[in-house]
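Keep in mind that the numbers below use all heavy atoms, side chains included, and drop hydrogens, waters and symmetry copies. Numbering of residues begins at 1 and proceeds along the displayed sequence.
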Amino acid sequence: MDLSEMFARMPYNDHLGIELLEAEDGYAVGELELSQEHSSNPNQLVAHGGVAYSLADTVGGAAVMSANFTVTPTINMRMDYLAPATGGTLRAEAEVIRNGDSVATVSVDVTDEDGTDIATARGTYKTGGGDDGSAWRGEEAE
């Protein structure tokens with residue numbers, strides 16, 4: 001199964017509406033069309049911070065997977081929120097800035113369709129080591 005197909009089959013991505021547009025050589029791009037269901041405010045669309053976080057984590061993971069050709073679970077992610085997301089499409093661009101034997105570091109920028117900086121994140125993902133156990137590794141993942 002290729003990376004785009006795998007991400008398209010993830011139930012959480014489908015639930016939020018995350019679409020992976022590109023993932024190659026440690027770089028990935030994804031988008032999410034905001035709707036009222038993403039809002040933390042019942043009176044107007046102001047996206048909950050978890051929406052931008054989920055987009056950044058998903059696209060960051062895709063960037064790492066595109067460089068390592070294996071599942072790379074998130075270890076940690078730090079996010080700075082810069083502006084509220086109030087509608088339209090959010091876009092995340094992720095780039096692997098260090099790809100080590102056991103951990104990769106990714107930088108992710110989230111913007112809206114006007115180019116406004118919504119958030120910036122730095123994530124670390126597991127790339128190797130351990131006992132090869134993973135929630136992703138099952139009969140269907142093979």
Side-chain angles (χ1 to χ4, degrees), residues 1-130 133-142:
M1 174 182 319
D2 77 356
L3 190 57
S4 294
E5 182 182 342
M6 186 181 94
F7 275 81
R9 292 182 55 199
M10 287 175 61
Y12 189 66
N13 290 351
D14 187 48
H15 176 71
L16 286 179
I18 296 172
E19 182 181 356
L20 184 63
L21 302 177
E22 179 182 347
E24 188 173 29
D25 299 326
Y27 176 79
V29 177
E31 291 184 343
L32 182 152
E33 179 74 29
L34 290 174
S35 67
Q36 191 60 36
E37 289 79 22
H38 297 118
S39 187
S40 62
N41 183 323
N43 300 316
Q44 63 180 357
L45 178 55
V46 178
H48 185 281
V51 175
Y53 187 96
S54 292
L55 178 62
D57 184 32
T58 298
V59 176
V64 177
M65 290 174 71
S66 76
N68 290 282
F69 309 105
T70 188
V71 174
T72 57
T74 309
I75 296 171
N76 189 33
M77 181 167 272
R78 180 191 188 289
M79 177 166 266
D80 292 318
Y81 297 95
L82 306 172
T86 58
T89 300
L90 293 183
R91 178 181 180 91
E93 293 189 41
E95 184 174 2
V96 174
I97 56 176
R98 184 183 185 284
N99 195 21
D101 291 336
S102 62
V103 175
T105 303
V106 178
S107 178
V108 186
D109 293 314
V110 179
T111 58
D112 67 13
E113 59 192 33
D114 295 327
T116 302
D117 293 325
I118 300 299
T120 185
R122 175 74 51 104
T124 53
Y125 297 79
K126 185 79 173 145
T127 59
S134 170
W136 281 91
R137 303 230 195 286
E139 290 179 29
E140 292 182 26
E142 301 289 325

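Considering all non-hydrogen atoms of both residues, Ser66 and Ala23 come closest at CB-C, 3.7 Å. Closest approach of Ala63 to Ala28, counting heavy atoms only: N-CB, 3.6 Å. The two residues Met79 and Ala52 have their closest heavy-atom pair at CE-O, 3.7 Å. Listed here is the closest heavy atom pair of Glu33 and Thr89: OE1-OG1, 2.5 Å. Of all heavy-atom pairs spanning Gly60 and Val108, the tightest one is CA-CG2, 4.1 Å. The heavy-atom pair separating Pro84 from Val46 by the smallest distance is CB-CG1, 4.2 Å.
Within the model, atoms OG of Ser107 and CZ of Arg98 stand 15.5 Å from one another, a figure rounded to the nearest 0.5 Å. A distance of 9.5 Å separates CG in Asp109 from CD in Glu95, rounded to the nearest 0.5 Å. For the atom pair CD (Glu19) and CZ (Phe7), the distance works out to 13.5 Å, reported to the nearest 0.5 Å.
The neighbour count for Glu113 CD, taken as heavy atoms of other residues, nucleotides or ligands under 6.0 Å away, is above 12.
Counting only distance, with no hydrogens or angles, the side chain of Thr105 and the backbone of Ile97 share no donor-acceptor pair below 3.5 Å. Here the side chain of Thr116 pairs no donor or acceptor atom with the backbone of Asp112 at under 3.5 angstrom. The backbone N or O of Leu45 lies less than 3.5 Å from no partner atom in the side chain of Asn41, so there is not a single donor-acceptor pair. Between the Asn68 side chain and the Val64 main chain, a donor and an acceptor come within less than 3.5 Å of each other. Checked by atom type and distance alone, the side chain of Thr74 never pairs as donor or acceptor with a backbone atom of Gly61 at under 3.5 Å. Between the side chain of Tyr81 and the backbone N or O of Gly49 there is at least one donor-acceptor pair closer than 3.5 Å. Looking only at distances, no side-chain donor or acceptor of Asn13 sits under 3.5 Å from a matching main-chain atom of Ile18.
Between Tyr125 and Met77 the shortest side-chain heavy-atom distance falls below 4.5 Å. Side-chain contact check for His38 versus Leu16: some heavy-atom pair is nearer than 4.5 Å. Using a 4.5 Å heavy-atom threshold, the side chains of Val51 and Leu34 count as touching. Put simply, the side chain of Val96 reaches to within 4.5 Å of the side chain of Val106, judged on heavy atoms.
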side-chain contact (heavy atoms from CB on, under 4.5 Å) between Ile118 and Leu82, intermediate numbers included: CA-CA 5 Å; Ile118 300 299; Leu82 306 172; over 6 Å; no

Applying side-chain contact (heavy atoms from CB on, under 4.5 Å), run through His48 and Ser39 and close with a yes or a no. CA-CA 5 Å; His48 185 281; Ser39 187; over 6 Å; no

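By the salt bridge (Lys or Arg N to Asp or Glu O under 4.0 Å) test, Asp101 pairs with no residue at all, sequence neighbours left out. Partners of Glu93 by salt bridge (Lys or Arg N to Asp or Glu O under 4.0 Å), not counting sequence neighbours, listed by chain and number: Arg91.
For residues 50-60, the set of pairs meeting the salt bridge (Lys or Arg N to Asp or Glu O under 4.0 Å) definition, not counting sequence neighbours, is empty.
Under the side chain to side chain contact (heavy atoms under 4.5 Å, CB included) test applied with Glu31, the options Leu55, Leu21, Leu90 reduce to a single match, Leu21.
In the model, Asp117 has no side-chain atom that pairs as donor or acceptor with a side-chain atom of Thr111 under 3.5 Å.
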